[in-house]
There are 4 protein chains.
Amino acid sequence: MSEQDKMIDELFNHDEELTEKQKKILAAAIESFAEKGYAATSTSEIAKKAGVAEGTIFRHYKTKKELLLTIVAPMMAKLIAPFVIKDFNKVLNQDYERFEDFVKAMIENRTKFLVSNMQLFRILIQEIPFQPELKEQFKEHIAKKIFERFEKVIAHYQAKGQIIDMPPYSVIRMTASTIFGYVIARYLLVPEAEWDDEAEIERTVQILMHGLSPKK
Amino acid sequence: MSEQDKMIDELFNHDEELTEKQKKILAAAIESFAEKGYAATSTSEIAKKAGVAEGTIFRHYKTKKELLLTIVAPMMAKLIAPFVIKDFNKVLNQDYERFEDFVKAMIENRTKFLVSNMQLFRILIQEIPFQPELKEQFKEHIAKKIFERFEKVIAHYQAKGQIIDMPPYSVIRMTASTIFGYVIARYLLVPEAEWDDEAEIERTVQILMHGLSPKK
Amino acid sequence: MSEQDKMIDELFNHDEELTEKQKKILAAAIESFAEKGYAATSTSEIAKKAGVAEGTIFRHYKTKKELLLTIVAPMMAKLIAPFVIKDFNKVLNQDYERFEDFVKAMIENRTKFLVSNMQLFRILIQEIPFQPELKEQFKEHIAKKIFERFEKVIAHYQAKGQIIDMPPYSVIRMTASTIFGYVIARYLLVPEAEWDDEAEIERTVQILMHGLSPKK
Amino acid sequence: MSEQDKMIDELFNHDEELTEKQKKILAAAIESFAEKGYAATSTSEIAKKAGVAEGTIFRHYKTKKELLLTIVAPMMAKLIAPFVIKDFNKVLNQDYERFEDFVKAMIENRTKFLVSNMQLFRILIQEIPFQPELKEQFKEHIAKKIFERFEKVIAHYQAKGQIIDMPPYSVIRMTASTIFGYVIARYLLVPEAEWDDEAEIERTVQILMHGLSPKK
DNA sequence: TATGAATGAGCTTTCATTCAT
DNA sequence: TATGAATGAAAGCTCATTCAT
C-alpha cells in the first residue's frame, strides 16, 4: 500500500468502503486538481490517469464539483481536528506551562499535517477563492471554531502575563499568518531551495513568540 | 473617468495608446479573472461584459493567455517598483533612522498599493500556482530583486543593532508573511468583518517589530 | 392488488408467470413511456421507479426496445379482440337489428377499453409513428383485420338500407376518426375540462349515425 | 429555390434575415424531427445533414429545445391564421350563404395547408404530448381562439336553421376530428394506398354535413 | 479596426448494456 | 434470479480561435 493510498484511506474511508476504482479516481483527481487547478482539469484526464472509464467517475460522483467537495471536505475537518477535541483546554493546562511551548507544539503538529497532505492543502487554498461553498465551509467550520477555542487560550496566557495585551483576534491572525506563510513559502513557492527546516521553524517561532511576549 | 479607468491608464498606458475598446476589454477581463479565475472565465463572457465582439479580443491579444499576461505583468512590476529605484539605499539612509520607521512606511505604502489594486492582486496570487510563466517571472523579477535589496538593508540595521541577529532570508520571509497575511485576511478572507484598519496595522507592525528587535 | 396490477395481470399474464419484479418493471415502464415517451425515458429511471437494479431489467428484456414491444403488443391484440372472435357475424346478426345499435354498443365498449388502458393507448399512438415494427403490426394485424370484418358488416347494413351508399372504407375511416377523436380530446388533450361523458358520447354517436343514414 | 426553401422562407423569415446555414439547419431539423421524433434525433445528426459544424447550431439556438420551439411556433400561428383575421365574420357573411359551403371551403383550405406542411404538422402532433410548453401554447393560442371564433359561426348558422341544435363545442370537436382524421389517415397512416382525394374529401364532408344538418 | 458567423476539438454528463459476484 | 459496478459510445453543449466582410 503506497503513501498515497494510506492517506486516502485515512481521510476518506470512514465507515463506507471504497472500491479500488474509487480510490484510484480520488488519487488521480487530487493529483490533477493540485497541479493544474479544478477548472483546468478535465474529467477525461482524471479517468485516464485513474485507469477507469469516464462514466465510472460519474457513477460515484454526480458531478465534477461533487468530486471536488468530496476531496476537500474531510481535509478541512482534519485540519482543525486537534482544536475541537473535547478536552482541548484540559490537555492544554496539563501539558503546557508556557504559551511558547504550546504554540511550538501546535505549529509543529499542524505543519507536519499540512506537509503530509500538501496536495490537498494546495487544492484547498487554491479553490477556496472560487468555490463559494468552500469559502462558507471554511469560515463556518474552520475559522469560527478555531477562533472560539483560541480566544480562551489567549486570554488564559494573557492572564498569566505570558502574552502581550492585545485583542485575541490580532494574535490569532498573526499566528496563522506565520504558520501558513512558512508552509506556503517552504513547500509551494520555493520548494527547490535548500531549507534547514528545523532551524527555520525554530527562528520563525522565535520571532513570533518574541513579538507576542509582553513588553517590559 | 472612473477609478477603474484611472487604474488601467496608470498600469497599462505606458507609451502606446490604448483604444477605448482595449480598455474595456482589460477592465472586463480583470473583473472576471479576479472573480472566477482565469480557467473558468470564457472569452465570450469577457467580450459580452466589455461590449465588444469576440473577434476584437483576439485582434489585440493573440491568445487568451496573452491577455492574462498583459494584465498581470505590469502589476508585478509596480508591486516592486519602490524597491528597485536606483537610489534606494540613499533614500533609505536619509529618510529612516530606525528600522521600525522604514518597515512601517513600507508596509503602509505597499498595503495601500495592494488595496487599490485588489483585483489584480487577486489574479496574481490566484494564477501564479497554475501558470509556470508567472511563477518564473515572480521568482526572477520579484522575489530575487526584492531579496537582493532587502538583504543589504537588513545587514545595515543589524549592524546598527536594531534587528535581531538572524539570516536575512528569515527576516524577509517573516516580514512578507506579515504583510500578505494581513492583506489577504483583511480584503480576501474576511472583508465583511468590521476592521479598525489603522489600529490593526499598528498592532501587526508592533508584533513584527518587537519580534525582530534584538533580545536583551 | 391495485388497478394497475390487475391491468398488468390481465394483459401480460397469459401462460407464463410474471415475478413480482417483472410486474413492477412493466408498471414503471408503462408509466414513464406514457408520460415522457419511449426515447426520452432512460432505463435507469425505470429501474429506480420499479425499485429494482438496472441489470434486472435486462435479465428479462434483452433490450429497451424489447421492453417496449412487450408492453405494446398485447394492447394491440386486445384492442381488436372483439372483432376477431370467430362467430363475430353470428353475434352481430342475433344481437343488433339496427346498425345504430351495433355502432353504439361498439363505441361504448371500445371507448371503455381505451379509457381503462389509457396509458397503453397513449404509448401506442405516440410510438407508432417512430417504430416501424409497430406501424407494420398495426397495419397488418389491426387495420387489415378490422377492415375485413367491418366491410361485410357495412355491406350487410347497406343492403338493409340502413346506411348511406358509400365505399365501406370511407364509412370505417369516418367511424374510427369519430371514436379516436373523442377519446383523444376527452382524455389526452383536454382532460381537465368538465365533461358530461354520457351526453357527449350520445351527441357524437348521433351526429355520426345521422351522417351515415341514407338520404331521403 | 426548392420547395423546402420556400416553405422555410415563408414560415420563418418574417423580419430578421436568416443566413444560408440557418436555413439549412432548420430544414435538416424539420426533416429529422418529423421522421424520428425530437428525442431520438441528435444534434450531431442535424449538423451532418445540414452540412454545418455542430457548434453552429448552438450559436443560433441556445438549446436543442429552443430549436424545436423555433420550428413549431410559427406553424401553430399559420395553422389558425385564417380564423384570426380581423374581418373573419364579415368575410363569412358575404361569402358563404350556407354553412356547408363555409365548412367545405375551410376544410379544403386547411387540408391544403396541412398537406403542404406535412412535416411540420407531424412534428406538431407528435411532440405536443411530450412538451408541456407546446401543449400550453396549443391550448391557449390555437384551441381557445378557434373555439371563440367558431362558437359565433355555429350560433349564426344554427339561428338560420342550417345546423342541428347542439352545444357548439360538440360541433366543433366533431368537425376537427373529421379534418384531422382524414389528414392523418391519408398522409400519415396509409399514404401508400391509392386515394381518390377529391372524392374522399367530398364523401367526408358529405357525412359530416349530413350529420350536422337539422333532423326533420 | 472591428465584427460575428463559423468552426471542430473538447467539455461534462447520460445512456443502454455487460458481467462478475 | 438479482445485483450494481463498470463500461465506452454518444449525447448536448462550450470553448478559444479563425476569417471573410
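Numbered from 1 within each chain, the chains take letters A, B, ... in sequence-line order. It should be emphasised that the depicted structure is a prediction, and the values quoted were computed from it without experimental measurement.
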*How does each nucleotide of nucleotides 13-21 of chain E score, in 5' to 3' order, for protein heavy atoms under 4.0 Å: base (B), sugar-phosphate only (S), or none (-)?*
BBSBBB---

*asked:* With a 4.5 Å cut-off on side-chain heavy atoms, are C/F138 and C/L134 touching?
replied: no

*Assign each of C/A53 and A/A53 to its nearest nucleotide of DNA chain F by heavy atoms, then name whichever residue's nucleotide is nearer the 5' end.*
C/A53

*Are A/H60 and A/L18 close enough that some pair of their side-chain heavy atoms sits under 4.5 Å apart?*
no

*Side-chain heavy atoms of C/Q126 within contact of C/F33, under 4.5 Å*: no

List, one per line, each side-chain donor-acceptor pair under 3.5 Å for residues 39-46 of chain A, sequence neighbours excluded.
{"from": "A/T41", "atom 1": "OG1", "to": "A/S32", "atom 2": "O", "distance (Å)": "3.3"}
{"from": "A/T41", "atom 1": "OG1", "to": "A/G37", "atom 2": "O", "distance (Å)": "2.7"}
{"from": "A/S42", "atom 1": "OG", "to": "A/S44", "atom 2": "OG", "distance (Å)": "3.4"}
{"from": "A/S42", "atom 1": "OG", "to": "A/E45", "atom 2": "N", "distance (Å)": "3.1"}
{"from": "A/T43", "atom 1": "OG1", "to": "A/E54", "atom 2": "OE2", "distance (Å)": "2.8"}
{"from": "A/E45", "atom 1": "OE1", "to": "A/K36", "atom 2": "NZ", "distance (Å)": "3.2"}
{"from": "A/E45", "atom 1": "OE1", "to": "A/S42", "atom 2": "N", "distance (Å)": "3.4"}
{"from": "A/E45", "atom 1": "OE2", "to": "A/K36", "atom 2": "NZ", "distance (Å)": "3.4"}

All N/O donor-acceptor pairs, side-chain side in residues 65-75 of chain A, below 3.5 Å, sequence neighbours left out:
{"from": "A/K65", "atom 1": "NZ", "to": "A/Q131", "atom 2": "OE1", "distance (Å)": "3.3"}
{"from": "A/T70", "atom 1": "OG1", "to": "A/E66", "atom 2": "O", "distance (Å)": "2.7"}

*Return the nearest nucleotide to the side chain of C/V52; candidates are F/dT7, F/dT3, F/dA6.*
F/dT3

*Represent DNA chain F in dot-bracket notation, 5' to 3'. Only Watson-Crick or G-U wobble pairs with both distances under 3.5 Å count; pseudoknot-style crossings use [ ] and interstrand partners use |.*
.||||||||||||||||||||

*Taking only side-chain nitrogens and oxygens of B/H60, does any of them come within less than 4.0 Å of OP1 or OP2 of E/dT1?*
no

*asked:* Could you work out, with salt bridge (charged side-chain N to carboxylate O under 4.0 Å, His left out) as the rule, every residue matching C/K135, not counting sequence neighbours?
replied: none

*Which residue lies more 5' along DNA chain F, comparing C/K21 with A/G51 via nearest heavy atoms*: C/K21

*Taking only side-chain nitrogens and oxygens of D/T56, does any of them come within less than 4.0 Å of OP1 or OP2 of E/dT7?*
yes

_Of residues 26-37 of chain C, the positions that come close to DNA chain E - non-hydrogen atoms, cut-off under 4.0 Å_ = none

